[in-house]
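Numbering of ligands and ligand atoms starts at 1, following listing order.
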Amino acid sequence: MNIRLEASGDVAAVGNVVRAAFAGDQEADLVDALRRDGDLLLSLVAEDAGRLVGHVGFSRLWIAQAGQRMPGVSLAPLSVSSDHRRRGVAAALVEKGHAHLRAAGETIVFVLGDPAYYGRFNYSVDAAAAFDCIYAGPYFQVLALTDHAPKAGAIAYASAFDRLQ
Ligand SMILES: CC(C)(COP(=O)(O)OP(=O)(O)OC[C@H]1O[C@@H](n2cnc3c(N)ncnc32)[C@H](O)[C@@H]1OP(=O)(O)O)[C@@H](O)C(=O)NCCC(=O)NCCS
């Protein structure tokens with residue numbers, strides 16, 4: 001299993017993996033829109049024997065607080081082909097993504113998902129409750145990558161998210 005950065009030739013295969021994982025077009029369209037808008041900060045793929053079997057996208061978001069605008073990151077979507085699940089592919093994508101983001105100086109990542117899954121990467125629902133966001137609620141979680149991460153604020157996702165239903 002190889003986790004690597006998405007290359008230009010991967011775009012169609014990424015779309016297929018995401019579409020199959022979510023059984024619909026919405027998340028694959030989101031990835032395409034983020035990429036087109038220049039908001040896809042980091043896109044990683046998992047490759048097994050030359051076949052693309054997993055993908056994670058991280059996009060730019062902004063946190064406004066006390067008249068300041070600070071950059072943050074959204075993890076979405078996370079996709080693994082059904083015949084490659086429960087082997088740690090998603091965990092490897094998420095961990096490698098965090099490592100890339102830390103190295104790039106990013107401080108904070110938000111995710112909307114099941115806390116039973118994302119809790120294993122130390123994402124916190126309680127910490128996310130301090131942020132004002134349209135996705136706020138029991139599935140909204142945050143991970144501070146450094147001690148200097150923002151602790152509160154109003155979150156604006158990339159505009160591609162506005163087009164989600
Ligand atoms: C969620 C998903 C990415 C996990 O991929 P994966 O490679 O199988 O994940 P991992 O191997 O790292 O972890 C598997 C573990 O997570 C658990 N898990 C998977 N999805 C879960 C969920 N929604 N809630 C809680 N636990 C979950 C599995 O039961 C398994 O548990 P175990 O380690 O105790 O056996 C994959 O199932 C998928 O693509 N699902 C469809 C798309 C989706 O829902 N994406 C996430 C949206 S936030």
Side-chain angles (χ1 to χ4, degrees), residues 1-7 10-35 37 39-61 63 72-102 106 108-145 149 155-165:
M1 180 67 55
N2 181 31
I3 310 285
R4 61 167 175 79
L5 291 173
E6 174 189 294
D10 295 325
V11 169
V14 165
N16 291 338
V17 166
V18 177
R19 210 170 287 111
F22 286 92
D25 290 335
Q26 181 164 279
E27 287 76 11
D29 290 349
L30 173 67
V31 174
D32 285 340
L34 289 167
R35 196 188 286 111
D37 294 347
D39 288 326
L40 192 56
L41 197 61
L42 176 64
S43 186
L44 295 176
V45 297
E47 205 173 33
D48 185 32
R51 185 187 141 207
L52 218 145
V53 297
H55 170 263
V56 64
F58 294 90
S59 57
R60 172 62 70 219
L61 56 70
I63 304 161
V73 180
S74 158
L75 188 177
L78 173 62
S79 314
V80 173
S81 302
S82 53
D83 59 347
H84 277 72
R85 289 184 187 162
R86 304 193 86 131
R87 299 187 203 171
V89 176
L93 284 163
V94 170
E95 298 286 16
K96 193 104 176 220
H98 291 163
H100 270 273
L101 294 170
R102 265 198 195 90
E106 298 294 340
I108 194 162
V109 187
F110 295 84
V111 72
L112 190 66
D114 194 331
Y117 185 69
Y118 290 101
R120 67 190 65 190
F121 308 110
N122 292 324
Y123 281 87
S124 164
V125 175
D126 289 346
F131 292 86
D132 186 14
C133 179
I134 53 163
Y135 299 120
Y139 298 104
F140 186 57
Q141 299 153 75
V142 68
L143 172 70
L145 295 174
I155 296 174
Y157 273 74
S159 59
F161 284 88
D162 298 343
R163 289 168 237 150
L164 288 178
Q165 286 147 16

Can you figure out which of Ala21, Ala46, Ser81 has its heavy atom closest to atom 41 (C) of ligand 1?
-> Ala21
Between Ala92, Gly54, Gly88, flag the one that comes closest to atom 11 (O) of ligand 1 by a heavy atom.
-> Gly88
Distance from [atom] to nearest protein heavy atom, with residue and atom:
atom                    : result
atom 44 (O) of ligand 1 : Phe22 CE2, 4.0 Å
atom 2 (C) of ligand 1  : Ala90 CB, 4.4 Å
atom 24 (N) of ligand 1 : Asp114 OD2, 3.0 Å
atom 27 (C) of ligand 1 : Tyr117 CD1, 3.7 Å
atom 33 (O) of ligand 1 : Arg120 NH1, 3.5 Å
atom 45 (N) of ligand 1 : Leu78 O, 2.9 Å
atom 32 (P) of ligand 1 : Arg86 NH2, 3.8 Å

Taking Arg85 for its side chain and Val80 for its backbone only, find out whether a donor-acceptor pair lies under 3.5 Å.
-> yes
Mind listing the closest non-hydrogen atom pair of [X] and [Y] along with its distance?
X      : Y      : value
Ser159 : Asp37  : OG-OD2, 3.7 Å
Gly97  : Phe58  : CA-CE1, 3.7 Å
Gln141 : Gly113 : NE2-O, 2.8 Å

Say you draw a straight line from CD1 of Ile3 to NE2 of His55; how long is it, rounded to the nearest 0.5 Å?
-> 11.0 Å
Are any of the side-chain nitrogens in Asp48 or Arg51 under 4.0 Å away from the carboxylate oxygens of its partner?
-> no
Should Val80 be counted as touching ligand 1, given the test is an N or O pair under 3.5 Å?
-> yes
Heavy-atom contacts under 4.0 Å between Tyr118 and ligand 1: side chain, backbone, both, or neither?
-> side chain
Please state which part of Leu112 comes within less than 4.0 Å of ligand 1, counting heavy atoms only: side chain, backbone, both or neither.
-> backbone
Could you tell me, atom by atom, which parts of ligand 1 come under 4.0 Å of a heavy atom of [X]?
X     : answer
Ser79 : 39 (O)
Val89 : 7 (O), 11 (O)
Arg87 : 11 (O)
Ala91 : 12 (O)

Kindly check if the number of other-residue, nucleotide or ligand heavy atoms within 6.0 Å of OH (Tyr139) is above 12?
-> no
Within-4.5 Å side-chain heavy-atom neighbours: Ile108 and Leu145 = no
Does a side-chain heavy-atom distance below 4.5 Å link Val109 with Phe121?
-> no
Among the heavy atoms of Glu27, does any lie under 4.0 Å from an atom of ligand 1?
-> no
Can you check ring-ring contact (aromatic ring centres under 6.0 Å, His included) on Tyr135 and Phe110, steps first, answer last?
-> CA-CA 10 Å; Tyr135 299 120; Phe110 295 84; over 10 Å; no
Does the protein place any heavy atom closer than 4.0 Å to atom 36 (C) of ligand 1?
-> yes
Please walk me through it: do Leu42 and Glu106 pass side chain to side chain contact (heavy atoms under 4.5 Å, CB included)?
-> CA-CA 11 Å; Leu42 176 64; Glu106 298 294 340; over 6 Å; no
